[in-house]
Each structure stands twice: as C-alpha cells, then as structure tokens.
Amino acid sequence: MIELTNLKKQYGARTVLDVPSLSVKAGACVALIGANGSGKTTLLRILAGQLKPTDGTFSAPQPVLYLPQRSYAFRGTVLQNVLIGTKNKREEALSLLERMELTPLLQKSARSLSGGELQRLAFCRLMLRESALLLLDEPTSACDAHAAELLLRELQRFRAAQNCSVLLSTHSSAVAAQVADRCVQLENGRISADGTPQQFCTR
Ligand SMILES: Nc1ncnc2c1ncn2[C@@H]1O[C@H](COP(=O)(O)OP(=O)(O)OP(=O)(O)O)[C@@H](O)[C@H]1O
Ligand SMILES: [Mg+2]
C-alpha cells in the first residue's frame, strides 16, 4: 500500500505538486499521466527518496526501485552494466537480455547505445533486483513499438514474480491501457482525474 497525505513540493513561490490524498493498493499498477511539467517526475522522485517534499508525508513499501526519466549508462559493456551491484546473476542476466533482444549488443560499450537501446538496458538493470515498489518514469519513451512491447512484457513478468506495486508515468495511452489498472492524471501538480485506463484511452 502506498499512502500520500498532503504532499507538496514548491520551488520558491511556485507549487509544482499538491496532492492532499492518494492511496494505491498493494500489487496495483498505476499510470501517472498528464502534460509536460504537470508533476509526474516530481512525484516519482519524492517516492524514490530522491527529492524532499516541502510538506506532507508518504509511506511506500520497501525496497523501492526507480527508473529515472533520463536513462544513463556506466562505463563498460552492456552485460557489465546490467550486472552492476548484483551477485551470481550472470545466467539470469543473459536470459533477460535475450528476451529483451539485447544479446547482439552484450559486449558493446553501453555508452555507445542508441536512445531506445539504452532505455531497455536501464530497465534491465532493475529487472535483476528485488522490489516491492517499482517507479518507472516514462519507461518506453525512447522505444519503438516492438521494443516497448518487449519491455512491457518483461514488466508483467516481473510483477507476477515479485508481486510488487508499480507506478509508471507515460504519455502513451496504449502503454497505460496495456499494463495499468488505474490512471491518475496530474494537471499543474494536482490530481485532475482518477479512473480506469478505459476511461482515459481513446485509441
Ligand atoms: N529544480 C527545479 N526548480 C524549479 N522548478 C522545477 C525544478 N524541477 C522541476 N521543476 C518544475 O516542476 C514542474 C513539474 O516538473 P516535472 O518534471 O515533475 O514534470 P513532468 O510531469 O514529469 O513533465 P514531463 O512530461 O515533461 O516529464 C515543471 O514545471 C518544472 O519546470
Ligand atoms: Mg517527467
């Protein structure tokens, strides 16, 4: 269960997030939607412990894994990047990279990847860890349709294995419809709508 109470973030006099109350059931997958600058990343970063709220409280199940909006790579190969911080996960990593169709890139320098390849790599790094709450900031924004499909399939596999809750931001109604049970829409930092993906999607 995730609970937010009177959560606010201000920069100077400007309030960029103002959520009086939000609860998310354990195991749910919630899509955060809303225009550029509406506060999605701010909310995810607060839940990830990367940003201090100006006011209010929240509770979230631990451990939390966070995929930032901007993917990054460490120095080294794709395989080394995926294995960072893990132990005895080589076999698991190889099958994961196979499912994500990154096997041909295994020995390539991670910093030479294309945007979509890098986003898939950053996502794979999380998939080898344990999580009670997965926070994904626009996880498919750089992916082509096929890569997005692979990534979302892997996400569903991870959810089934770990029973974790997921909060993901997206500008794609197709992504929300495919994986989310619920959509929460932000507008200027406030929740302006909350419903099922079907209520939001006009595909
Ligand atoms: N360090 C900062 N100082 C001042 N304003 C900031 C800072 N960080 C974010 N903001 C502002 O907060 C607002 C919310 O930003 P946020 O990144 O949460 O939006 P978003 O919904 O994730 O947008 P996008 O869809 O473009 O990723 C924006 O107007 C942004 O300019
Ligand atoms: Mg953002």
Side-chain angles (χ1 to χ4, degrees), residues 2-24 28-60 64-73 113-127 131 133-145 147-148 151-152 154-155 164-197 199-203:
I2 309 168
E3 290 266 17
L4 278 62
T5 311
N6 292 325
L7 206 66
K8 276 193 188 148
K9 181 67 188 177
Q10 289 171 313
Y11 290 107
R14 186 166 168 238
T15 302
V16 299
L17 191 72
D18 184 357
V19 178
S21 166
L22 179 70
S23 310
V24 174
C29 179
V30 175
L32 278 178
I33 59 177
N36 291 144
S38 58
K40 304 178 298 296
T41 295
T42 304
L43 176 53
L44 292 172
R45 290 188 64 210
I46 289 174
L47 292 174
Q50 291 215 338
L51 193 62
K52 268 201 160 178
T54 310
D55 209 354
T57 56
F58 67 92
S59 63
V64 170
L65 287 180
Y66 170 58
L67 184 74
Q69 184 164 3
R70 287 195 196 116
S71 307
Y72 60 88
L113 296 181
S114 76
E117 291 165 350
L118 177 61
Q119 191 168 42
R120 266 186 287 160
L121 167 61
F123 178 79
C124 284
R125 239 188 250 127
L126 300 194
M127 293 296 99
S131 171
L133 173 62
L134 207 48
L135 303 168
L136 306 174
D137 201 349
E138 300 194 27
T140 61
S141 58
C143 292
D144 64 37
L151 191 149
L152 295 179
E154 202 56 42
L155 171 61
C164 62
S165 309
V166 181
L167 216 58
L168 69 88
S169 72
T170 183
H171 289 290
S172 159
S173 50
V175 167
Q178 199 174 330
V179 293
D181 324 301
R182 178 179 168 194
C183 285
V184 170
Q185 183 175 330
L186 289 174
E187 211 173 301
N188 296 320
R190 293 186 163 78
I191 294 177
S192 56
D194 188 343
T196 63
Q199 288 171 296
F200 288 89
C201 295
T202 45
R203 276 213 272 176

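Predicted, not measured: the structure shown is a model, and the values here were computed from it. Order of listing sets the numbers, starting from 1, for every ligand and every atom in it.
- Closest to atom 29 (O) of ligand 1, if we only count protein heavy atoms, is Arg14 NH2, 2.8 Å.
- Residue contacts to the Mg ion (ligand 2): Asn36 brings no N, O or S atom closer than 2.8 Å.
- A heavy-atom separation below 4.0 Å is found between Glu138 and ligand 1.
- Under the 3.5 Å distance criterion, the side-chain polar atoms of Thr15 are left unmatched by any main-chain donor or acceptor of Gln10.
- For Ser169, no heavy-atom contact with ligand 1 is shorter than 4.0 Å.
- Salt-bridge check for Asp194 with Arg182: passed, with a basic side-chain N closer than 4.0 Å to an acidic carboxylate O.
- Distance from atom 10 (N) of ligand 1 to its nearest protein heavy atom, with residue and atom name: Tyr11 CE1, 3.6 Å.
- When only interatomic distances are considered, the shortest N/O to N/O separation between Val16 and ligand 1 does not fall below 3.5 Å.
- Less than 4.0 angstrom separates some heavy atom of Gln69 from each of these atoms of ligand 1: 27 (O).
- Considering each of Gly12, Gly37, Gly34, the one bringing a non-hydrogen atom nearest atom 14 (C) of ligand 1 is Gly37.
- Within the 2.8 Å limit, Thr42 places no N, O or S atom next to the Mg ion (ligand 2).
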| query | Step by step, would you call Ser23 with Glu3 a side-chain hydrogen bond (donor to acceptor under 3.5 Å, both in side chains)? | reply | CA-CA 5 Å; Ser23 310; Glu3 290 266 17; 3.0 Å; yes
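- In the vicinity of Ala35, heavy-atom distances shorter than 4.0 Å reach the ligand 1 atoms 21 (O).
- Checked options Leu47, Leu135, Val64; the residue passing with Ile2 is Leu47 (criterion: side-chain contact (heavy atoms from CB on, under 4.5 Å)).
- At a 4.0 Å cut-off, not a single heavy atom of Arg45 sits close enough to ligand 1 to count as contact.
- Near His171, meaning under 4.0 Å from one of its heavy atoms, ligand 1 places the atoms 25 (O).
- Both tests pass for Arg125 against the ring of Tyr72: distance under 6.0 Å to the centre and angle within 45° of the axis.
- The closest side-chain heavy-atom distance from Leu133 to Leu65 is not below 4.5 Å.
- Protein heavy atom at the shortest distance from atom 18 (O) of ligand 1 is Thr42 OG1, 2.6 Å.
- Looking only at protein heavy atoms, the nearest one to atom 26 (O) of ligand 1 is Asn36 ND2, 3.0 Å.
- Residue Gln119 forms a side-chain hydrogen bond (donor to acceptor under 3.5 Å, both in side chains) with just one option from Ser71, Ser114, Ser141, and that option is Ser141.
- Annotation: atom 21 (O) of ligand 1 to nearest protein heavy atom, Lys40 NZ, 2.8 Å.
- Taking all atoms of both residues into account, the shortest heavy-atom contact from Cys143 to Arg120 is SG-CG, 4.5 Å.
- The side-chain heavy atoms of Leu134 and Leu155, taken from C-beta on, include a pair separated by under 4.5 Å.
- Contacts between Thr41 and ligand 1 below 4.0 angstrom, taking non-hydrogen atoms only, involve backbone and side chain alike.
- Of the listed residues (Lys9, Lys8, Arg190), just one forms a side-chain hydrogen bond (donor to acceptor under 3.5 Å, both in side chains) with Asp18, and that residue is Arg190.
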